[in-house]
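It should be emphasised that the depicted structure is a prediction, and the values quoted were computed from it without experimental measurement.
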Amino acid sequence: MGKPRFRIAPSPTGSLHIGNARTALYNFLASRKLGGDFILRIEDTARDRSKIEYERTIIDGLHWLGINWDEGPDLGGSYGPYRQSERLQIHKEFLQILIDRGYTYHCFCSREELAFERELAQKQGRAPKYSGKCRDLSDEEVSSRLDAGEEATIRFRVEPRIVGLDDIVMGKIEEDAGLWGDFVLARSDGTPVYNFAVVVDDHLMDISHVVRGADHISNTFKQIMMYEALDLERPRFGHMPLTLNAKRQKLSKRDGSVAVEEYREQGYLPEAVVNFIALLGWNPGDEREMFSMNELINVFSMDRITTSNAIFDVARLDWFNGVYVRKMSTDQLAHRANDYLSDLGYFSSNPTRSSNDWSHLNGVPVPPHDWPSMNYFIAALELEKERIRKFAELPELMNFFFVEDIYADTSQLISKKHSQSDTRAALVRVAELVGLQGVNKMDTVEKYMRSLADDLGWRAGDLFMPVRIALTGSRATPPLFETMKVLGDQRVLHRLNKAVEQLSS
RNA sequence: GGCGCAUUCGUCUAGCGGCCCAGGACAUCGCCCUCUCAAGGCGAAGAUCGCGGGUUCGAAUCCCGCAUGCGCUACCA
């Protein structure tokens, strides 16, 4: 046997699902850890649900996460083609082997007939398995019905016995094939069914390890039987537990954010998503929990994959993301945030490009003005950095840095402990102070502000809050004086005066 | 209904016969820090290890039942 070869075989029936991403990640990690190959195969078996644009989304999503493969529809490779739909001929050849060896038979039962039988069985409390009605049709009958143009599927003759496997994560498991009934290998239009195609493809692609979701366990038993009928060496199988939603069901499209794309859109960092997902069903055996992709490759091992399903808890993802945000250099963070915001049309370091402004967030229609430089953005971001959980929060958090006029609620503007006119007078004095001192000397501004509060007989906090509201429109902001420094004299004065004006009426 | 797999704090998990009347992390709550919000520090609360039987001197850990959950049960993948 050659080197370890892993694969992921998503079907392009939707964008990259979080569960698929996790399966991909584990396969990727295992392949890198073992110095093997990782293959992407698109399971697009000619179906109404498969769409080529989803293939693109899946590839993009995987790349975004930092997962790369050695062979795939986009890269090629010596085991191609890597789209299942392009392997039809190959599948048919292998199907012919099975037919020649007598493992199959033609089935003329109609879908309606089958559905009816299934329903009946359900109603009577019997296992709904195929009756085997067409199993022993004579060769003459088969060929004459075929000649007459009757449609037929090809079924696999299941010989009742116990099928067992030694699963990488589940251990030894088995199932009684006697319960199955003969299953379909090829549809009446001649196209092979997934369960058969995987076997052929995995074999031809020399896959050594098939690691996939536990929802494939039943399939695996059937596939094992086909490997044997085809007389092929089978790969090692590993079935990993599923990712469940908060209602403890298999994560599905209706659960909202199940697509990796959505997390990207909400401004999560891919390294945080990877870290979080890696720990959903696997752990290093000690209490470490922060891992870069490379560290994951180093410590990953398949025998530490958990056996029970895990619920996807966004709160934990949020925490991971916050940690990564804080850990990153502000420069780097700024570039990432900038890209994110630009994509949303919010912000561009190139002033001529965007016509968007930040002000729609509080409903005040202010035209864009004074387009900030990257340095200004970085300075502002530096202050917000430890308050960010994901980039989607950025506009709300940083809004006040970028609009000309912020909206300050008059009642919020008035110090809780003091009257409107007293607050107004206090703000006038703050404005004088700023006008005199300049906001850049932050340390002294703070000193002066504190002594001003003393003069007024106010507690410092009672003075700072109205100023904060006047400058930012919010009660929750970065430290006041640093914020003033970033805003600069002009903005600070302008806003202070506005607030004074507002309090005058 | 049948079959398969799973079952430790709300969530992710550690644990593979004595170190566990169960450890860590997220979330929650409290305190400290503090100009607000965060971040950070400290602390609290939170799991009769799904239930019932065994085995054993001793079980979260092994065995058997039951319950629950999830998955599969298609001419879907």
From CE of A:M484 across to P of B:U36 the rounded distance in Å is 16 Å
Identify all side-chain donor-acceptor contacts of residues 306-317 of chain A below 3.5 Å with residues at least two apart in sequence or on another chain.
| from | atom 1 | to | atom 2 | distance (Å) |
| --- | --- | --- | --- | --- |
| A:T306 | OG1 | A:G281 | O | 3.1 |
| A:N309 | OD1 | A:L242 | N | 2.9 |
| A:D313 | OD1 | A:A315 | N | 3.4 |

Presence of A:R389 side-chain N/O under 4.0 Å of B:A39 phosphate oxygens OP1/OP2 | no
salt_bridge(A:D286, A:R288) N-O dist < 4.0 Å | yes
Starting from the 5' end of RNA chain B, give me the residue, A:A315 or A:A186, whose nearest nucleotide shows up first.
-> A:A315
Show every donor-acceptor pair shorter than 3.5 Å between a side-chain atom in residues 377-385 of chain A and any protein atom, with sequence neighbours excluded, or say none if there are none.
| from | atom 1 | to | atom 2 | distance (Å) |
| --- | --- | --- | --- | --- |
| A:E382 | OE1 | A:T330 | OG1 | 2.6 |
| A:K385 | NZ | A:M328 | O | 2.6 |
| A:K385 | NZ | A:T330 | OG1 | 3.1 |

With a non-hydrogen cut-off below 4.0 angstrom, is A:N219 in contact with a base, only sugar-phosphate, or nothing?
-> base
Could you give the distance separating B:C64 and B:G24 at their C1' atoms, to the nearest angstrom?
-> 33 Å
Any idea how A:F183 and A:F156 line up, ring-wise: parallel (<30°), tilted (30 to 60°), or perpendicular (>60°)?
-> parallel
Atom-to-atom span, CD1 of A:I305 to P of B:C16 - whole angstrom = 20 Å
Take atom CG of A:N275 and atom C1' of B:A25, then tell me their distance rounded to the nearest Å.
-> 12 Å
Can a salt bridge be assigned to the pair A:D201 and A:R7 using a cut-off of 4.0 Å between side-chain N and carboxylate O?
-> no
Is the shortest side-chain N to carboxylate O distance from A:R161 to A:E228 below 4.0 Å?
-> yes
Parallel, tilted or perpendicular: ring planes of A:F94 versus A:H203, cut at 30 and 60 degrees = perpendicular
Residues two or more places apart in sequence or in another chain: which of them pass side chain to side chain contact (heavy atoms under 4.5 Å, CB included) with A:V184?
-> A:T153, A:R155, A:V193
Over how many whole Å does the gap from A:L242 atom CG to B:C70 atom P extend?
-> 11 Å
Protein-nucleotide distance (A:M398, atom CE; B:C37, atom C1'), rounded to Å | 15 Å
Taken in chain and number order and not counting sequence neighbours, the residues that satisfy salt bridge (Lys or Arg N to Asp or Glu O under 4.0 Å) with A:E113 are A:K133
Once you round it to whole Å, what is the distance between P of B:U36 and CD of A:E384?
-> 16 Å
Hey, does A:H216 reach any base, or is it just sugar-phosphate, or nothing, if we go heavy atoms under 4.0 Å?
-> base
Pull out every protein N or O sitting under 3.5 Å from an N or O of nucleotides 33-35 of chain B, one pair per line with the distance.
| from | atom 1 | to | atom 2 | distance (Å) |
| --- | --- | --- | --- | --- |
| B:C35 | OP1 | A:R450 | NH2 | 2.5 |
| B:C35 | O2' | A:R468 | NH2 | 3.3 |
| B:C35 | O2 | A:R468 | NH2 | 2.5 |
| B:C35 | N3 | A:L480 | N | 3.2 |

Atom CD of A:E117 to atom P of B:U73: distance rounded to whole Å?
-> 18 Å
Could A:E43 and A:R41 be called an ion pair, given the rule that one side-chain N must be under 4.0 Å from one carboxylate O?
-> yes
Once you round it to whole Å, what is the distance between C1' of B:C72 and CZ of A:R118?
-> 14 Å
Summarise how protein sits on nucleotides 2-15 of chain B as a single string, 5' to 3': B when a protein heavy atom is under 4.0 Å from the base, S for sugar-phosphate-only contact, - for no contact.
-> SSSSSS---SSSSS
Write down the distance separating the C1' atoms in B:G18 and B:U56, rounded off to the nearest Å.
-> 12 Å
In whole Å, what separates the C1' atom of B:C12 from that of B:A27?
-> 11 Å
Has the side chain of A:T477 got a donor or acceptor that lies under 3.5 Å from a partner of the other kind on the base of B:C37?
-> no
Classify the nucleic acid contact of A:R155 as base, sugar-phosphate or nothing, counting any heavy atom under 4.0 Å across all strands shown.
-> sugar-phosphate
